[in-house]
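In what follows, chains are A, B, ... by sequence order, proteins preceding strands, each numbered from 1. Nothing here was measured: the structure is a model prediction, and the numbers come from that model. All values below come from the heavy atoms of this structure, side chains included, with hydrogens, waters and symmetry mates left out.
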Amino acid sequence: MNHSSANSVIIFDFETTGLSPNQGDRAIEIGAVKLLNGVVVDTFQELMNPGFNVSSFIENYTGISNAMLYSAPSCAEVMNRFADFIGDDNLVAHNASFDKRFLEAEFALINRKYKGQFACSMLIARRLYQEAPNHKLGGLVEFKQIENDGTFHRALADSEMTAKLWLKMLEDMHDSYSIADPSFKLMQQISQKTKSGVKDFLDSL
DNA sequence: TGCCAGGCCCTCTTTAGGGCCTT
């Protein structure tokens, strides 16, 4: 048992210079939303300077320019603050394997370590919303008619939408399977079921 | 030398290939 609440979860999202920390890519922005019993109780958002220029593709994709990053604090400074923010709370991200790799890579550079658990909203959405046209974050926001301000590919905005998607999935679990308060562990278990087996699993609860 | 992500998941599958998803 860690010091955080059992009902506390942090939904987070990185913007980065590319797809792979193993290829030298770095984080340029981190955003996060802390949920306690389904309510937003805290947020985190900071740009960070990776120490080199990002490509024009990334500038266009995120709207984060090299000029914005030039005056931003270093990755080490921001990631230390983020490590303090998350503690050992459980984490959620959309396609979590991506954000997990960057979190571990950035933490390794500052000798910090995350000891909590990850859950992936994309893997769960693929099980729960098999009829959705796609399982991109933006596609699911549209499919589930989740309120948004039209901002995409910025860390806090994507974290907020992922948090709303997470809560929507909990709500649909309640409505469809009478699970009053699905635990983080249960959501992890859903993501580990096969697509065809998930309904039987939920019906058995 | 030249190449370069990685993991999940489906299928024309398991002695493999390719789409999806993240920036």
Side-chain angles (χ1 to χ4, degrees), chain A residues 10-33 44-69 72 75 78-79 82 86 91-109 114 117-144 146 148 150-166 168-169 187-201:
Chain A
I10 291 176
I11 294 91
F12 78 114
D13 180 64
F14 275 116
E15 304 306 314
T16 70
T17 66
L19 291 172
S20 176
N22 288 338
Q23 302 292 319
D25 287 317
R26 298 295 302 271
I28 58 173
E29 186 179 42
I30 181 76
V33 171
F44 188 102
Q45 187 273 320
E46 284 202 66
L47 291 169
M48 59 192 114
N49 188 336
F52 55 90
N53 281 343
V54 303
S55 67
S56 56
F57 172 81
I58 293 297
E59 285 189 308
N60 291 328
Y61 186 80
T62 63
I64 299 168
S65 68
N66 282 301
M68 291 161 69
L69 294 174
C75 292
V78 173
M79 292 308 300
F82 188 65
I86 61 175
L91 295 177
V92 171
H94 201 69
N95 197 10
S97 68
F98 174 86
D99 295 282
K100 181 174 187 280
R101 278 196 298 278
F102 275 96
L103 187 76
E104 289 173 346
E106 292 294 343
F107 274 13
L109 291 170
Y114 171 67
Q117 296 283 310
F118 291 89
C120 177
S121 57
M122 184 192 74
L123 293 180
I124 297 166
R126 279 179 177 172
R127 307 301 192 283
L128 294 184
Y129 306 137
Q130 297 185 25
E131 71 279 23
N134 65 68
H135 298 88
K136 298 174 188 176
L137 179 58
L140 288 164
V141 163
E142 184 175 1
F143 179 68
K144 297 306 294 184
I146 290 170
N148 69 91
T151 304
F152 289 93
H153 307 307
R154 286 300 300 267
L156 182 58
D158 283 6
S159 297
E160 288 170 335
M161 284 189 289
T162 303
K164 288 178 183 173
L165 172 63
W166 178 259
K168 186 69 182 168
M169 292 194 295
M187 298 300 271
Q188 276 186 318
Q189 286 175 331
I190 290 170
S191 72
Q192 290 159 3
K193 296 294 168 187
T194 63
K195 262 183 162 177
S196 55
V198 71
K199 189 174 185 309
D200 285 342
F201 172 73

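Within 4.0 Å (heavy atoms only), A/Thr194 reaches no atom of the nucleic acid at all. Within the 4.0 angstrom heavy-atom criterion, no nucleotide atom of any strand lies near A/Asp99.
Taking atom P in both B/dT1 and B/dG7, the straight-line distance is 29 Å, to the nearest Å. Comparing the same atom, C1', in B/dT13 and in B/dG19 gives a spacing of 15 Å after rounding to whole Å.
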Under 3.5 Å, N/O pairs linking protein and nucleotides 3-6 of chain B:
from, atom 1, to, atom 2, distance (Å)
B/dG6, OP1, A/Asn22, ND2, 2.7

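The main-chain N or O of A/His94 is never found under 3.5 Å from a side-chain atom of A/Thr162 such that the two would form a donor-acceptor pair.
Here A/His94 does not reach the OP1 or OP2 of B/dC21: none of its side-chain N or O atoms lies under 4.0 Å away. Distances shorter than 4.0 Å separate some side-chain N or O of A/His135 from OP1 or OP2 on B/dC21.
Nearer to the 5' terminus of DNA chain B, by closest-nucleotide assignment, is the contact made by A/Gln192 (compared with the other of A/Asp158 and A/Gln192).
Residues in residues 118-137 of chain A take part in these ring-ring contact (aromatic ring centres under 6.0 Å, His included) pairs, two or more places apart or across chains: A/Tyr114-A/Phe118.
Atom SG of A/Cys120 is separated from atom NZ of A/Lys100 by 11.5 Å, given to the nearest 0.5 angstrom.
The two residues A/Phe52 and A/Gly24 come nearest to each other via the heavy atoms CZ-O, 3.8 Å.
The side-chain heavy atoms of A/Glu59 and A/Val54, taken from C-beta on, include a pair separated by under 4.5 Å.
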